[in-house]
Amino acid sequence: MEGIRERRHAKIYVMGKRVTDVTTNLFLKPSVLSFKATFDAAFQEDTRDLARAFSPFINEEVNRFVHIHQGPHDLVAKVKLLRRLSHKTGTCFQRCVGWDALNTLYIVTGKMAERGDGVYRERFLKYLEHVQRRDLALAGAMTDVKGVRTLRPSEQPNPDAYVRVVEERDDGIVVSGAKANITGIAAVDEVIVLPTRAMTEQDAAYAVSFAVPLDTPGVVVVVGRQINDARRMEGGDIDGVPYMAHHEGLIIFNNVFVPWDRVFLYKDWRWTGPLVEIFASFHRQGYGGCKSGLGDVIIGATYELAKAIGVDNKPNVADKLAEMTFLNESMYSAGLAASWEGSKLLKEGGWWVNPMYANVTKHLVARFPYEISKLAHDIAGGIVGTAPSEFDLKNEEIKNLLEKYLQGVPEIPAEERLRLVRLLENVSVSVGFLIESVHGAGSPAAQKIMFNRLYDYEKAGEIAKALSRIKVTVKWPKTPEPRRPSESEKL
Ligand code: SF4
């Protein structure tokens with residue numbers, strides 16, 4: 001928190017006003033606290049082992065959020081840590097995008113080095129050391145504002161619709177453009193910028209990746225609004241629970257200078273396709289952990305609310321809770337499968353997730369949270385959308401009446417019920433559990449494209465033909481899954 005308290009040049013705007021200290025600003029403080037949970041995890045008894053890892057790059061233990069995965073065990077630990085941190089925050093904790101960006105650049109610059117271009121690798125490893133030694137909070141900025149969706153970056157009427165290089169100097173480059181929907185952007189030390197799509201030769205100026213501190217001159221951040229966000233500014237202690245939140249924002253690069261030692265991809269458009277694929281799969285895998293963790297919060301609140309009105313043992317409630325559990329554990333299982341089935345993309349490491357299962361994870365996440373929330377609202381009742389304010393409950397004139405009429409079973413006081421209702425409302429209708437689940441790490445259509453790329457329909461057809469006795473000789477591959485290699489695996 002000290003690190004981000006005073007950033008001299010950082011230009012951060014919330015609801016039309018400039019924010020100088022994000023740690024005390026009422027709108028942003030809940031996001032800072034959620035970020036902080038990722039640092040605290042390395043020192044708390046239950047998460048200490050999960051949240052720490054040994055870094056061979058600096059020969060020291062580091063926070064896992066800046067670690068480069070050294071095998072499937074690390075990928076699994078990521079998913080488990082994310083599930084647990086959702087329990088502690090009840091929201092997105094924002095630090096995984098920067099972490100996935102680090103692992104992506106490690107692999108991509110490593111691949112470049114294997115092909116004989118080691119300059120980016122060298123720069124990246126120095127940057128990694130800088131990040132790991134300081135345990136920095138990073139944002140990953142990928143999604144460009146995109147302008148006209150049917151046009152490529154170089155064809156746009158607004159040439160800055162995608163972040164691009166506008167000047168090359170002896171000491172570095174100057175970049176211009178903006179990235180949208182950037183998770184946690186106002187609460188980080190630095191931001192890593194990655195291209196958002198595969199580029200062609202004409203788009204070379206847009207094929208750029210770099211890192212800058214958030215208070216670099218020319219960087220402007222405009223924080224977006226979310227549902228119920230004003231509750232955190234009301235001074236209450238119930239209506240806004242869990243009082244940790246995440247935010248997304250627009251980051252604008254207004255002719256920003258980036259020194260060469262912080263440029264990790266420069267105009268080499270051929271690497272953009274694999275880079276996007278590697279990053280997206282990393283983040284899609286992670287969703288199996290964080291979203292199932294939020295699912296636990298929702299299932300728990302729903303169960304307690306069912307108890308509060310005496311219906312927890314009713315068969316129809318048990319059936320719905322079982323369905324919620326199935327949906328939730330499916331997301332988690334897919335995230336674990338993507339991790340255990342991970343593979344090495346570099347000769348000396350570069351561990352990556354299984355792209356098919358990572359995409360399956362994200363596709364489940366794009367659907368199941370809505371189902372889980374619907375079932376939760378079904379069991380908890382209309383009160384989730386109609387409960388009186390905590391300030392009514394605290395008003396002596398009506399307090400007794402509300403306590404009498406909000407109570408279900410006598411053992412559970414009205415205030416407890418209201419707290420659970422608010423938790424359920426704020427988590428189950430949140431951007432973090434719903435909208436982010438659909439669009440974060442790529443919208444559902446992007447996963448379907450990957451399914452069609454990765455699934456070997458010809459092989460599946462051969463299997464069917466063999467069983468139908470249309471074809472009798474089948475060349476069986478070593479692995480049972482009908483799978484084609486991804487672009488990154490082919491490199
Ligand atoms: Fe991490 Fe999940 Fe938030 Fe992504 S959506 S930054 S994986 S907590």
Side-chain angles (χ1 to χ4, degrees), residues 30-41 47 50-51 63-67 69 74-104 136-143 179 181-188 191-192 194 224 226 242 244-249 251 278-298 328 331-332 334-336 338-339 353 358-359 361-366 368-369 427 430-444 446-447:
S31 286
V32 174
L33 292 177
S34 184
F35 239 115
K36 184 174 173 290
T38 67
F39 290 86
D40 293 342
T47 42
L50 271 183
N63 186 305
R64 187 172 291 284
F65 280 91
V66 291
H67 181 54
H69 310 298
D74 274 340
L75 295 164
V76 169
K78 173 188 174 191
V79 175
K80 290 183 182 245
L81 177 62
L82 267 49
R83 187 167 183 169
R84 172 51 56 86
L85 280 172
S86 284
H87 299 164
K88 297 206 170 175
T89 59
T91 186
C92 158
F93 26 90
Q94 308 153 109
R95 203 173 168 193
C96 328
V97 195
W99 180 16
D100 291 338
L102 285 179
N103 276 278
T104 301
L136 294 182
L138 303 174
M142 195 158 203
T143 310
K179 297 272 187 180
N181 316 332
I182 307 307
T183 302
I185 186 65
V188 293
V191 53
I192 299 182
L194 302 173
Q226 291 191 1
M244 282 196 213
H246 79 291
H247 71 273
E248 316 280 340
I251 179 166
I278 292 168
F279 172 84
S281 297
F282 269 133
H283 209 66
R284 289 170 192 176
Q285 166 237 14
Y287 272 33
C290 70
K291 301 308 177 201
S292 62
L294 291 181
D296 294 328
V297 174
I298 290 167
N328 205 42
M331 299 189 291
Y332 186 59
L336 289 180
S339 312
V353 295
N359 278 280
T361 308
K362 173 63 220 308
H363 210 63
L364 295 178
V365 167
F368 288 0
V427 179
S430 66
V431 173
F433 196 56
L434 299 183
I435 297 155
E436 195 177 63
S437 291
V438 177
H439 290 292
S443 309
Q447 289 107 58

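Both counts, for ligands and for their atoms, begin at 1 and track the order of listing. In this text, all values refer to a predicted model and were calculated from it rather than measured experimentally.
- Here Lys88 does not pair with Asp40 in a salt bridge; the nearest charged N to carboxylate O distance is not below 4.0 Å.
- Within the 4.0 Å heavy-atom criterion, the part of Gln94 lying near ligand 1 is the backbone and not the side chain.
- At a cut-off of 3.5 Å, with distance as the only test, no side-chain donor of His439 or Asn181 sits close to an acceptor on the other residue.
- Nearest to atom 2 (Fe) of ligand 1 among the protein's heavy atoms is Cys290 SG, 2.3 Å.
- Atom 2 (Fe) of ligand 1 has no N, O or S atom of Cys92 under 2.8 Å away, backbone or side chain.
- Remark: Lys36 is not positioned above the aromatic ring of Phe39, lacking an NZ or CZ atom under 6.0 angstrom from the ring centre and at most 45 degrees off the axis.
- Comparing Trp99, Phe65, Phe93 by heavy-atom distance to atom 8 (S) of ligand 1, the nearest is Phe93.
- Side chains of His283 and Gln285: no donor on one and acceptor on the other come within 3.5 Å.
- In this structure, Arg95 fails the cation-pi test against Phe35, since its NZ or CZ atom is not both closer than 6.0 Å to the six-membered ring centre and inside 45 degrees of the ring normal.
- Among Arg95, His283, Lys291, the residue whose heavy atom lies closest to atom 7 (S) of ligand 1 is His283.
- Residue Lys291 holds its NZ atom at 7.0 Å from OG of Ser86, rounded to the nearest 0.5 Å.
- Proximity annotation for atom 6 (S) of ligand 1: of Gly335, Cys96, Gly98, Gly440, Cys96 comes nearest, heavy atoms only.
- Among protein heavy atoms, the minimum distance from atom 5 (S) of ligand 1 is reached at Glu436 OE1, 3.2 Å.
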